[in-house]
Amino acid sequence: MLDKTLTPGSFETRLYEGWERSGAFACHPESGAPPFTIMIPPPNVTGSLHMGHALTFTIQDTLVRWRRMQGRDALWQPGTDHAGIATQMVVERLLASEGRQDRRGMGRAAFLDRVWQWKAESGGTITKQLRRLGASLDWPRERFTMDEGLSKAVLEVFVTLHRQGLIYRDRRLVNWDPKLLTAISDLEVESREVKGHLWHLRYPVEGAPGEFITVATTRPETMLGDTAVAVHPTDARYAALVGRRVILPLVGRAIPVVADEYSDPEKGTGAVKITPAHDFNDFEVGRRHGVAMPTVLDPEARVILAEIEAELRAVAGVADPDFVRSLAGQDRFAARKAIVARLEELGLLEKIEPHTHQVPHGDRGGVPIEPRLTWQWYCDAATLAKPCIEAVEDGRMRFVPKQWENTFFAWMRDIQPWCISRQLWWGHQIPAWYAPDGTIFVEKTEAEARAAARAKFGHDVTLTRDEDVLDTWFSSALWPFSTLGWPERTAEVARYYPGDVLVTGFDIIFFWVARMMMMGQHFMGDVPFRDIYIHGLVRDERGQKMSKSKGNVMDPLELIDAYGADALRFTICALTGPGRDVKLGRKRVEDHRGFITKIWNAARFLEMNGVAPDAGFDPATAKTPLARWILDAANRAVAEATAALEAYRFDEYAAACYRFVWNGFCDWFIEFAKPVLNGPDGAEKAEVKGAAQHVLGTILRLLHPAIPFVTEELWDRFGYGPECSLIRAPWPEAVPVAGAEAAREELDWVVRLVSEVRAVRSEVNVPPSVTTPLLVRDAAPESLARAGRWIEAIRRLGRVTEITPLDGQVPKGVAQAVLGEATVMLPLEGVIDVPAERARLAKARGTAEGEAKKIAAKLGNADFVARAPEEVVEENRERLAAARAEIARLDAALARIAD
RNA sequence: GGGCGCUUAGCUCAGCGGUAGAGCGCUUCGUUUACACCGAAGAUGCCGGGGGUUCGAAUCCCUCAGCGCCCA
């Protein structure tokens with residue numbers, strides 16, 4: 001017997017282990033079944049399961065389980081990425097907390113050993129947590145981006161792209177994180193609004209004592225590296241100054257005033273200082289005008305004078321080399337303070353305005369990034385992006401929802417060179433070796449590099465390997481094929497590439513989607529996946545983004561403990577509409593748990609009544625209207641659910657299942673079945689039980705992708721199959737049902753009758769204890785026959801004693817309802833609240849009247865009748881007739897209780 | 001500044017040319033052999049404003065407003 005209450009915790013772990021142990025999650029490269037592949041976007045190895053993961057992995061698991069049931073050979077590839085910066089930070093913090101030597105103290109090799117040790121102990125927490133969610137990943141195939149095989153793929157790709165000229169070394173301005181001391185990508189930079197100031201500085205014009213040009217800046221400390229002042233070419237205020245020079249205060253260097261459209265006459269003073277080595281826009285201006293680009297901040301963003309020292313010059317009242325020298329080694333913010341103070345003393349600070357602006361911050365380190373001119377490795381993203389853009393344009397790849405294509409195109413068409421080197425230790429070390437003369441040898445191994453060097457120089461030279469590692473996304477970009485064994489030509493590569501769908505959030509389109517496309521197109525000659533399903537973000541009930549600082553994060557594991565994994569998963573499916581964020585609160589999960597419980601209780605009722613799996617039951621031979629009706633309804637639910645999943649409409653899938661199970665199967669079928677189940681054994685009872693077990697089996701299969709645990713538990717407990725077999729059961733399909741149309745008409749009529757009786761009773765305040773006969777007037781013979789066939793159910797659900805036709809005198813004190821051609825009456829003299837009944841009928845009449853008027857107006861419009869499709873006109877005529885007939889019957893009913 | 005999205009019942013959202021819907025909440029009633037994580041009934045809408053297209057607009061177009069996100 002099933003327990004009275006559902007306790008998901010009592011079977012979730014057992015079932016998951018059962019599935020995993022029996023190999024239910026495994027793909028079968030040798031099988032003849034068509035494959036279905038989803039590559040997990042590998043979570044960060046330092047990560048732990050949060051709500052965003054719960055969302056994305058629920059969706060992926062639902063798709064995978066569904067396709068697997070459809071007979072596809074499903075591969076859901078698990079794994080994690082090595083998260084260069086994040087992991088290195090975690091381990092460095094660990095060392096600090098243990099009071100150990102820091103990274104530099106212990107040296108690269110020892111540090112990397114420590115990271116691997118950390119990974120073995122604590123890495124991949126998330127893979128254990130994913131099991132709690134029920135994720136059916138093919139675990140024995142789990143991969144890590146630093147694995148030997150995947151690292152081999154990285155070498156292959158790097159060396160190949162380098163030979164093709166698509167990877168190169170260059171000295172450009174990069175986003176430099178002065179805290180983590182590494183370059184980071186544009187995508188790892190986030191703008192934060194900062195309340196700062198706009199400092200207006202006076203730069204004296206050379207050879208014109210007392211004449212100044214005032215520049216406005218948010219970063220006065222960078223003025224040490226200014227090499228120009230820019231004004232807009234059409235700005236009359238400064239036209240005379242263009243081509244002249246100004247004296248850079250403090251430094252004493254003369255710098256030109258240039259005309260450049262970058263300067264915005266509306267902003268600040270209309271004149272801007274140009275510091276090419278510390279600002280991306282200034283860099284471009286500097287390049288256009290061929291000015292010098294001295295660096296004045298070191299890797300830790302402290303003032304460094306090496307590149308400007310030679311030009312320091314004392315100018316009375318303007319420049320002071322000693323002061324500038326005193327700044328050396330000072331942090332950029334301390335230097336800012338000192339510089340502003342000194343300029344003020346010199347009378348060169350015109351004013352300070354409060355100014356709120358966007359300041360780029362490193363998303364990991366959290367400090368403002370400092371653009372710096374450095375040598376880095378770059379990947380020619382624009383070239384790699386081209387075929388990807390084409391693939392989306394011609395439909396080889398499809399975004400769902402489609403609107404994300406715009407975002408994708410906008411980014412891909414304006415893509416910048418991808419800086420792929422990072423000044424970290426944890427990651428794939430760049431396979432580049434430098435000869436003493438600076439010649440670079442890019443090879444897969446040191447031996448090959450040495451051989452190449454020998455070939456070039458004719459003798460051995462000392463080679464030094466590049467110390468930097470590659471951006472983590474470089475290896476993640478190879479994931480769709482490196483996990484399958486590439487560059488080896490494995491059976492898996494041939495079979496599971498390209499994947500069917502990539503499921504991810506829009507925030508990751510550029511990190512993931514774009515880069516996997518580039519590498520997939522280039523090395524595999526084909527897209528990495530066909531569909532890209534973009535879901536929303538998880539937010540709290542109020543629509544706020546979840547964040548630790550706001551304190552509104554929810555822990556999916558805690559919700560699973562409280563309500564079960566199925567409840568969380570079903571909630572997610574139900575709330576995941578297209579292109580919408582998911583507002584999730586505890587209450588939402590609690591609400592949806594009701595549905596899981598409902599299924600459990602319905603199954604428990606059927607079990608109590610001896611309903612058990614019967615493989616011999618053939619739906620096609622069902623004869624009773626009840627069996628035919630529910631089998632037919634199940635067919636429609638199957639069609640709806642399947643169509644919804646095919647369209648990635650998880651909300652519609654959940655809703656279709658919910659409606660069918662709750663409002664169809666539970667509310668009506670089981671209620672109608674009760675009299676039969678309580679009645680004598682026989683053909684009718686056997687058939688109702690047969691239909692019940694058949695439809696329950698359908699429901700369990702239909703819902704398994706979303707709520708795998710309860711469905712599997714019930715499937716096993718009922719004996720539909722052996723332990724843990726639902727996951728392998730076939731996806732339901734429509735079954736032939738004879739006389740479905742007639743069955744639907746019959747049962748729908750009974751449902752309407754019962755509903756009318758209930759509504760009447762409730763509205764005229766008939767106590768539940770009172771039962772009444774049902775008098776039927778003007779009923780067609782078929783209606784009376786139906787009433788007779790369903791008398792038991794009507795008695796029970798409508799609190800009716802008997803049903804009799806009424807021809808003659810209407811008793812006093814009846815409550816009435818119109819049902820099609822018939823009027824049903826409940827004789828309730830003494831019980832009925834007559835004014836309430838009159839009001840009720842009048843209201844019903846009013847509704848019908850309003851309806852009739854609306855339709856009559858429509859039909860009175862000659863244009864409508866002439867231009868609307870014939871079937872629409874006809875439909876409206878029928879509706880008008882029905883409304884008028886109903887008004888007539890309601891008038892008659894009102895007349896009967898007129899006195 | 002550019003782009004995208006949203007605005008429908010108290011709340012969360014479906015619907016996207018032809019009868020305005022669901023879930024939750026609310027009100028009333030209810031322990032009838034599954035389920036109170038339940039059952040029955042009920043109330044609640046100028047479908048953001050304005051204009052246009054159409055026989056017909058929540059739905060298509062334009063415009064305005066508000067909110068949100070992304071990019072400068």
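Proteins get letters first, then strands, A, B, ... in listed order; numbering begins at 1 in each. Keep in mind it's a predicted model, so treat the numbers as computed, not measured.
For A:K598, a side-chain nitrogen or oxygen approaches OP1 or OP2 of B:G39 to under 4.0 Å. Using a 4.0 Å cut-off, some side-chain N or O of A:K4 falls inside it from OP1 or OP2 of B:C35. Proximity of A:W404 to the phosphate of B:G3: no side-chain N or O atom is located under 4.0 Å from OP1 or OP2. Side-chain N/O atoms of A:R840 include none lying less than 4.0 angstrom from OP1 or OP2 on B:A43. Between A:K674 and B:U32 there is no side-chain N or O to OP1 or OP2 distance below 4.0 Å. A close approach under 4.0 Å does not occur between any side-chain nitrogen or oxygen of A:K853 and OP1 or OP2 of B:U19.
Electrostatic pairing of A:R649 and A:D651 counts as a salt bridge here, judged by a charged N lying under 4.0 Å from a carboxylate O. A salt bridge between A:R889 and A:E886 is absent, with no side-chain N of the basic residue lying under 4.0 Å from a carboxylate O of the acidic one.
For residues 585-597 of chain A, the pairs satisfying side-chain hydrogen bond (donor to acceptor under 3.5 Å, both in side chains) are A:E558-A:R586, A:Y563-A:R586, A:Y563-A:E590, A:K587-A:D591, with sequence neighbours left out.
By the 6.0 Å and 45° rule, A:K598 does not stack over the aromatic ring of A:Y658.
Straight-line distance between the P atoms of B:G48 and B:A40: roughly 32 Å, to the nearest whole Å. For the C1' atoms, the distance linking B:C24 with B:C38 amounts to 16 Å, nearest Å. B:C64 and B:G2 have their P atoms separated by 12 Å, with the value rounded to a whole Å.
With RNA chain B read from its 5' end, the first of the two nearest nucleotides for A:P578 and A:A759 is the one closest to A:P578. In terms of position along RNA chain B, the nucleotide closest to A:V766 lies nearer the 5' end than the nucleotide closest to the other residue of the pair A:V766 and A:R799.
Considering only heavy atoms from C-beta on, A:N876 comes within 4.5 Å of A:R879 through its side chain.
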If you write RNA chain B from 5' to 3' in dot-bracket form, with Watson-Crick or G-U pairs under 3.5 Å, [ ] for crossing pairs and | for pairs with another strand, what do you get? ((((((((.[[[[.)..(..]]]].(((((.......))))).....[[[[[..)....]]]]]))))))).
